[in-house]
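One structure is given here, and the rest of the page talks about it.
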2 protein chains.
Amino acid sequence: MNDLLIANGNVLTVSPDGARADVLRRYDVLVRGQRIEAVQPAGRIDRSHFRTIIDATDKVVMPGFVNCHAHTPMVLFRGLAEDVSIDRWFNEFIWPLENNLTAEDVYWGMLLGAAEMIRAGITTVADHYFHMDRGGEAIDQIGMRGVLGWAMFSSLGKPALDQTDTFIREWHGAANGRITTIVAPHAPYTCDDDFLMAAGRIARRHGVPVHIHAAEVIAQTEASLAKRGITPIEILEQTGVLLPGTIIAHACGVTPDDVERMASAGVGVATAPKTYLKLGMDITPVRDLRAVGIPVGLATDGVVSNNTLDLWEAMRLTAMLQKDRALDPEVLTIPEALAIATHESAKVVGLGGKVGAVAAGYLADLIVVDTSGLHHQPLHSITASLVYSAMASDVVHTIIDGKVVMRDRRILTIDVDDVIANVSHQNRRLAQRVPGQRIQTYHP
Amino acid sequence: MNDLLIANGNVLTVSPDGARADVLRRYDVLVRGQRIEAVQPAGRIDRSHFRTIIDATDKVVMPGFVNCHAHTPMVLFRGLAEDVSIDRWFNEFIWPLENNLTAEDVYWGMLLGAAEMIRAGITTVADHYFHMDRGGEAIDQIGMRGVLGWAMFSSLGKPALDQTDTFIREWHGAANGRITTIVAPHAPYTCDDDFLMAAGRIARRHGVPVHIHAAEVIAQTEASLAKRGITPIEILEQTGVLLPGTIIAHACGVTPDDVERMASAGVGVATAPKTYLKLGMDITPVRDLRAVGIPVGLATDGVVSNNTLDLWEAMRLTAMLQKDRALDPEVLTIPEALAIATHESAKVVGLGGKVGAVAAGYLADLIVVDTSGLHHQPLHSITASLVYSAMASDVVHTIIDGKVVMRDRRILTIDVDDVIANVSHQNRRLAQRVPGQRIQTYHP
């Protein structure tokens with residue numbers, strides 16, 4: 001007996017190179033255990049063979065989104081740092097706010113944010129934050145896939161490195177393989193070279209890559225060049241953290257030489273376009289990176305800059321901002337946007353060929369999307385609708401690792417109301433900024 | 001007996017200058033006939049005095065959005081012109097597609113698009129399209145507020161001018177005042193000077209302003225200067241269509257002198273940021289316009305460029321693109337974005353001081369927004385959530401002209417399923433492009 005049948009849906013297929021995106025109309029998706037067993041025309045198989053059946057008639061079945069760079073527990077601070085410059089954002093808001101943060105908060109924040117992501121059709125998150133052991137518990141409990149890194153700053157010293165070492169030993173491969181780990185130094189402007197080298201050594205010892213912010217804006221690259229004569233990406237290269245599979249968050253301020261370095265090293269880039277617009281930053285040179293084979297994945301960043309954990313919006317903005325910067329609407333087409341959202345995002349977090357496609361052998365990380373809403377009507381083009389019309393609220397079912405985690409928009413693995421109540425109870429304390437105690441000062 | 005009580009909501013208040021946006025917690029909104037009678041702390045009035053009660057506990061009560069520039073019936077072509085340059089978009093897609101269009105199509109397209117707008121919290125639309133008499137029927141029937149203009153091109157000659165004249169006589173003030181009219185020549189690059197002058201005369205004769213596309217991109221302004229030595233805005237001025245209250249769609253390519261001209265004339269500008277990004281256009285210089293007192297209103301344009309009729313997205317993009325272009329996250333703040341979405345959008349379509357505020361004496365064009373979704377949690381800042389987290393699907397009730405048009409997301413005035421069925425039945429025909437018959441060729 002099979003485990004799960006997603007019956008009679010319109011199945012999205014995207015070529016990895018972004019040349020084509022199509023829809024197989026009225027197809028069944030058969031799931032056994034964690035994996036997709038077959039994708040075939042509907043009606044060929046007897047429904048009584050399945051424990052669970054999801055009717056996807058007139059709905060789209062597509063890969064769940066992969067969030068390539070998030071600080072999920074920062075949902076706790078949603079809406080608390082608005083309309084401020086990037087240095088005020090760090091120095092007067094984020095870091096003073098984070099001084100309030102307890103391990104318990106991270107657990108609840110991760111649960112709340114993961115629930116928001118599952119509701120929005122995100123099935124994997126590459127998270128970069130503090131108290132990641134408690135974050136891991138939350139990811140395990142809610143049933144999401146996670147590539148988790150415990151954020152480290154030089155100012156936290158050797159205990160932070162040891163903590164990461166322990167975290168990787170305890171959590172890599174946890175939750176039946178749903179959770180993997182990554183080494184997560186914050187950035188070259190908050191971690192000195194010795195610290196980065198030590199981080200790189202931990203990564204190589206465990207055979208995991210690194211997840212780090214770098215070249216977030218051109219000004220950071222210019223400051224680095226002025227101060228040290230090398231770019232942030234060169235610092236990463238020289239300190240040994242530019243490993244194959246390393247995730248570079250943002251990379252908006254990379255030079256052409258940096259792009260070559262990154263391509264040679266085999267890293268991926270996470271792009272969070274809403275953050276760039278909101279914070280008046282530069283944007284990731286997505287087309288330049290992809291032109292030399294660097295995979296680009298979608299990201300929400302934290303909600304203190306992005307406000308929601310919504311990769312539909314990130315997908316749309318990624319495509320639109322490339323058109324905008326090129327003043328050319330013919331670049332970054334709908335199939336390319338969908339390839340970025342699926343195959344490439346998976347590759348960025350080390351899950352290339354494992355998630356990101358509705359195909360036999362892939363892990364069953366799938367979402368079912370309702371295209372009956374008025375914002376899709378009339379439905380001339382499903383692929384256009386997915387990129388330019390769909391909303392997070394169109395996701396009706398979310399399947400992760402073969403398990404139905406959300407059905408009819410109800411999350412089945414945790415009590416969401418309880419999570420909201422627990423978090424809201426802490427609102428007053430969490431909204432207090434504790435200045436003078438921040439982890440660093442932002443002056444790259 | 002009063003007509004409608006919207007009880008115990010969080011009422012959004014925005015100062016017209018955008019300096020402040022606040023929330024009155026637990027307030028009642030009393031509606032009598034078309035108008036808001038009072039806004040007062042909840043519980044002061046006996047609920048039994050009201051025919052209809054909407055419980056807005058823990059929800060936001062705010063003005064409905066005003067869509068300052070749309071071609072609503074183009075929903076019929078949603079998703080049919082993607083990833084193409086602006087000249088291909090006009091010449092190979094839009095105009096050949098529109099050759100299929102019948103008056104009957106416009107009626108159904110307007111109904112479908114109006115339903116999408118009401119679902120997204122839009123209560124007024126300034127529409128610019130063909131067969132606007134049938135469009136007016138649809139707007140009347142669904143219960144929306146409309147400022148309607150029948151699109152005219154030089155190529156259509158004097159009959160088009162006469163048609164507009166008749167349309168204004170028959171429709172201005174229709175539907176109990178919900179429908180007003182406007183003169184709608186397409187653009188200075190599709191209407192010659194004599195035609196624009198004739199349009200201006202009709203407008204002055206009827207005492208209505210003009211709604212026209214102008215300076216959509218810098219290239220249009222440059223082409224106009226090269227060809228005639230004057231800008232598109234100067235053409236409008238010289239032909240007498242730059243009237244007080246005239247709506248200029250886009251104005252992305254205006255010169256500093258144009259901005260002065262527009263301010264002196266007393267026109268407003270409609271901005272449709274998603275269209276600009278998708279078509280790789282320039283963007284409206286929103287801050288420059290507002291600095292000299294030109295009101296800027298939000299717009300969706302047609303869905304063939306914008307894909308959805310969603311002003312939440314337009315509000316967010318308007319704010320973010322100003323931050324982006326200025327490389328300064330402190331500009332175009334949340335209160336300013338809300339002022340643009342409310343007071344200023346109302347002013348652009350000639351409804352300043354009539355709609356756009358939840359205040360006694362204003363027309364009761366109101367929406368009730370659910371902020372309980374996970375993408376709002378925890379709710380530290382309602383105003384931040386409205387600008388950066390809210391989705392069209394968060395709108396639960398829509399009230400227009402004192403009438404509940406949508407309740408619990410169900411539209412009460414028309415049969416939406418019937419509209420979808422009628423439209424979808426025509427999909428194949430509508431998707432056919434009829435080249436060689438287009439109304440114009442785009443070569444500004």
Side-chain angles (χ1 to χ4, degrees), chain A residues 75-80 82-86 89 112 115-116 119-120 274 276-283 303 307-310 317 320-321 323-324 326-334 373-381 384-385 388-389 391-394 416 420 423-424 426-427 430-431, chain B residues 75-80 82-86 89 112 115-116 119-120 274 276-283 303 307-310 317 320-321 323-324 326-334 373-381 384-385 388-389 391-394 416 420 423-424 426-427 430-431:
Chain A
V75 290
L76 298 171
F77 305 126
R78 194 191 310 261
L80 288 178
E82 299 295 331
D83 297 326
V84 292
S85 69
I86 196 165
W89 186 83
L112 182 63
E116 181 186 354
R119 277 259 184 99
K274 191 173 176 186
Y276 310 149
L277 294 179
K278 268 202 76 195
L279 288 179
M281 295 165 61
D282 309 296
I283 71 163
V303 298
N307 294 61
T308 54
L309 298 169
D310 181 346
L317 285 174
M320 293 199 300
L321 287 178
K323 294 172 188 291
D324 172 64
L327 290 174
D328 182 354
E330 305 205 347
V331 305
L332 222 142
T333 60
I334 285 166
L374 289 169
H375 52 297
H376 297 288
Q377 297 302 319
L379 190 58
H380 288 291
S381 164
S385 234
Y388 288 113
S389 299
M391 288 191 284
S393 52
D394 294 330
V416 172
I420 293 173
V423 165
S424 300
Q426 306 295 329
N427 268 3
L430 286 169
Chain B
V75 291
L76 298 171
F77 306 125
R78 194 190 311 261
L80 288 178
E82 299 295 330
D83 298 327
V84 292
S85 69
I86 196 165
W89 186 85
L112 182 61
E116 181 186 353
R119 276 260 185 98
K274 191 174 177 186
Y276 310 149
L277 294 180
K278 269 203 77 196
L279 288 180
M281 294 165 61
D282 309 296
I283 71 163
V303 297
N307 294 60
T308 54
L309 298 168
D310 181 347
L317 285 175
M320 294 200 299
L321 287 178
K323 294 173 188 291
D324 173 64
L327 289 175
D328 183 354
E330 305 204 347
V331 307
L332 222 142
T333 61
I334 286 166
L374 288 169
H375 52 296
H376 297 288
Q377 297 301 320
L379 190 58
H380 288 292
S381 164
S385 235
Y388 288 113
S389 298
M391 289 190 284
S393 51
D394 294 330
V416 172
I420 291 173
V423 166
S424 300
Q426 306 295 329
N427 268 2
L430 286 168

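Since the structure is predicted, the reported quantities are computational estimates derived from the model, not experimental observations. In what follows, chains carry the letters A, B, and so on, assigned in the order in which the sequence lines appear, proteins first and then strands, with residues in each chain numbered from 1.
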> Which region of B:Val423, side chain (C-beta onward) or backbone (N, CA, C, O), has a non-hydrogen atom less than 4.5 Å from a non-hydrogen atom of chain A, or is it both or neither?
Replying inline: side chain
>> Among B:Val75, B:Leu309, B:Asp328, which residue has the highest count of heavy-atom pairs closer than 4.5 Å to chain A?
In response: B:Val75
> Relative to chain A, which of B:His380, B:Glu116, B:Lys323, B:Met320 shows the most heavy atom pairs under 4.5 Å?
Replying inline: B:His380
>> Check whether A:Arg78 reaches the backbone of B:His375 with its side chain - one donor and one acceptor, N or O, closer than 3.5 Å.
In response: yes
> Using non-hydrogen atoms only, which part of B:Ala326 is less than 4.5 Å away from chain A: side chain, backbone, both, or neither?
Replying inline: neither
> Considering only heavy atoms, which portion of B:Val303 lies under 4.5 Å from any heavy atom of chain A: side chain, backbone, both, or neither?
Replying inline: neither
> Where does B:Leu317 contact chain A at under 4.5 Å (heavy atoms): side chain, backbone, both or neither?
Replying inline: side chain
> Hey, does the side chain of A:Ser389 reach the backbone of B:Asn307 with a donor-acceptor pair shorter than 3.5 angstrom?
Replying inline: yes
> What part of B:Arg119 is in contact with chain A, defined as an atom under 4.5 angstrom from a non-hydrogen atom: side chain, backbone, both or neither?
Replying inline: side chain
> Roughly how far, to the nearest 0.5 Å, is CG of B:Asp324 from NZ of A:Lys278?
Replying inline: 14.0 Å
> For B:Ala120, is it the side chain, the backbone, both or neither that has a heavy atom under 4.5 Å from a heavy atom of chain A?
Replying inline: neither
> Of the backbone (N, CA, C, O) and the side chain (C-beta and beyond), which part of B:Leu76 lies under 4.5 Å from a heavy atom of chain A, both, or neither?
Replying inline: backbone
>> Counting heavy-atom pairs closer than 4.5 Å to chain A, which one of B:Asp83, B:Asn427, B:Thr333, B:Leu379 comes out on top?
In response: B:Asp83
